[in-house]
Amino acid sequence: MGSNIGDTEDHLNQAVARLEKYDGIDPVVWSEIYETEPQGLKDQQWFTNQVVRFAVDPELWAPHGFLSTLQAVEGQMDRVRGVKNGPRTIDLDLILFGDEVLEGSDYLTVPHPRAKDRAFVLHPLAEIEPELVFPDGTTIADALKKIDYRIEGKKIYQD
């Protein structure tokens, strides 16, 4: 989850609260909140990012439906899809869905295709799932070693 407009910590908490109102979606653990240097479009406020692991009932939810729900919550929170990598009130991404691998769709790829390239995803993910192994066998530690980033307190820098 990420945001760079308004009271971002409140936006992240509000997104989790909205998601847990749905049957079969329960937040289990969440990372610290990090400030992140913008990727791509640099001339904007820093983002606030957090990773949340949800317990999702497999009898009620499949990856496509869960992503649709994430996007519905973004809409409820006035997310407007404008400039790519630009400012946004909230950004909810589906990074992993258990061990599932989904490819070949314009709508959804799981694991998220850029997750292993982004320190603002990997570092908080490692915080809550330090032994995580991606479906392709890459450990979270190995993924972090392959990218150039630095952390100062709760700020993540990555060019």
Side-chain angles (χ1 to χ4, degrees), residues 1-20 25-56 63 66-98 102 106-136 138-159:
M1 298 189 311
S3 174
N4 73 337
I5 296 175
D7 183 350
T8 54
E9 185 172 347
D10 183 54
H11 274 89
L12 299 177
N13 291 334
Q14 187 182 119
V16 171
R18 287 173 185 263
L19 285 163
E20 70 182 330
I25 299 177
D26 297 301
V28 176
V29 62
W30 38 94
S31 72
E32 295 288 330
I33 295 173
Y34 295 89
E35 288 183 74
T36 304
E37 185 176 26
Q39 305 282 298
L41 183 62
K42 298 286 187 188
D43 189 20
Q44 60 180 316
Q45 293 179 15
W46 280 45
F47 285 82
T48 303
N49 289 286
Q50 180 177 49
V51 171
V52 179
R53 179 167 45 97
F54 290 91
V56 178
F66 189 65
L67 179 61
S68 292
T69 301
L70 294 176
Q71 291 173 339
V73 168
E74 288 178 338
Q76 294 165 12
M77 297 178 69
D78 299 324
R79 164 79 190 260
V80 175
R81 293 186 184 275
V83 177
K84 183 177 179 167
N85 295 324
R88 60 203 83 147
T89 56
I90 193 77
D91 185 19
L92 305 177
D93 288 318
L94 177 56
I95 306 301
L96 294 159
F97 198 87
L102 299 171
D106 290 337
Y107 180 66
L108 176 62
T109 300
V110 175
H112 191 287
R114 292 176 303 282
K116 292 189 284 184
D117 301 326
R118 295 175 166 174
F120 67 85
V121 172
L122 292 173
H123 183 77
L125 185 57
E127 181 184 315
I128 65 172
E129 295 288 337
E131 302 301 317
L132 182 113
V133 178
F134 285 90
D136 69 359
T138 304
T139 66
I140 192 97
D142 286 340
L144 279 165
K145 288 177 191 172
K146 291 179 182 176
I147 61 174
D148 186 22
Y149 73 100
R150 75 181 192 282
I151 297 177
E152 295 177 7
K154 295 294 180 199
K155 289 188 174 188
I156 299 174
Y157 297 83
Q158 182 180 11
D159 289 328

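All of these numbers come straight from a predicted model, not from anything done at the bench. The basis for the numbers below is simple: all heavy atoms, side chains too, and nothing from hydrogens, waters or symmetry mates. In this chain, numbering begins with 1 at the start of the sequence shown.
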Please examine the side chains of [Y] and [X], heavy atoms only from C-beta on, and report whether any two atoms are closer than 4.5 Å.
| X | Y | result |
| --- | --- | --- |
| His123 | Ile156 | yes |
| Leu96 | Leu132 | yes |
| Val110 | Pro135 | no |

What pair of heavy atoms forms the shortest contact from [X] to [Y], and how long is it?
| X | Y | answer |
| --- | --- | --- |
| Leu70 | Asp93 | CD1-C, 4.0 Å |
| Ile33 | Gln50 | CG1-NE2, 3.6 Å |
| Glu74 | Ile90 | CA-CG2, 3.7 Å |
| Pro124 | Val51 | CB-CG2, 3.6 Å |
| Glu32 | Glu127 | N-OE2, 2.6 Å |
| Asp117 | Pro113 | OD2-O, 4.3 Å |

[atom1]-[atom2] distance between [X] and [Y], expressed to the nearest 0.5 angstrom:
| X | Y | atom1 | atom2 | result |
| --- | --- | --- | --- | --- |
| Phe66 | Leu92 | CZ | CG | 9.0 Å |
| Lys154 | Ser31 | NZ | OG | 8.5 Å |
| Phe97 | Phe54 | CZ | CZ | 12.0 Å |
| Asn49 | Leu125 | CG | CG | 12.5 Å |
| Gln71 | Asp91 | CD | CG | 10.0 Å |
| Gln76 | Thr69 | CD | OG1 | 9.5 Å |

Inset, instruction - Would you please indicate if the ring centroids of Tyr34 and Trp46 are separated by under 6.0 Å? - result: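 For Tyr34 and Trp46, the ring centres are not under 6.0 Å apart.
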Inset, instruction - Would you kindly say whether Ser68 and Tyr107 are connected by a side-chain donor-acceptor distance under 3.5 Å? - result: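 Side chains of Ser68 and Tyr107: pair found under 3.5 Å.
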Legend entry - Enclosure of Asp148 CG (heavy-atom neighbours >12, cutoff 6.0 Å):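 No, the 6.0 Å shell around CG holds no more than 12 heavy atoms from other groups.
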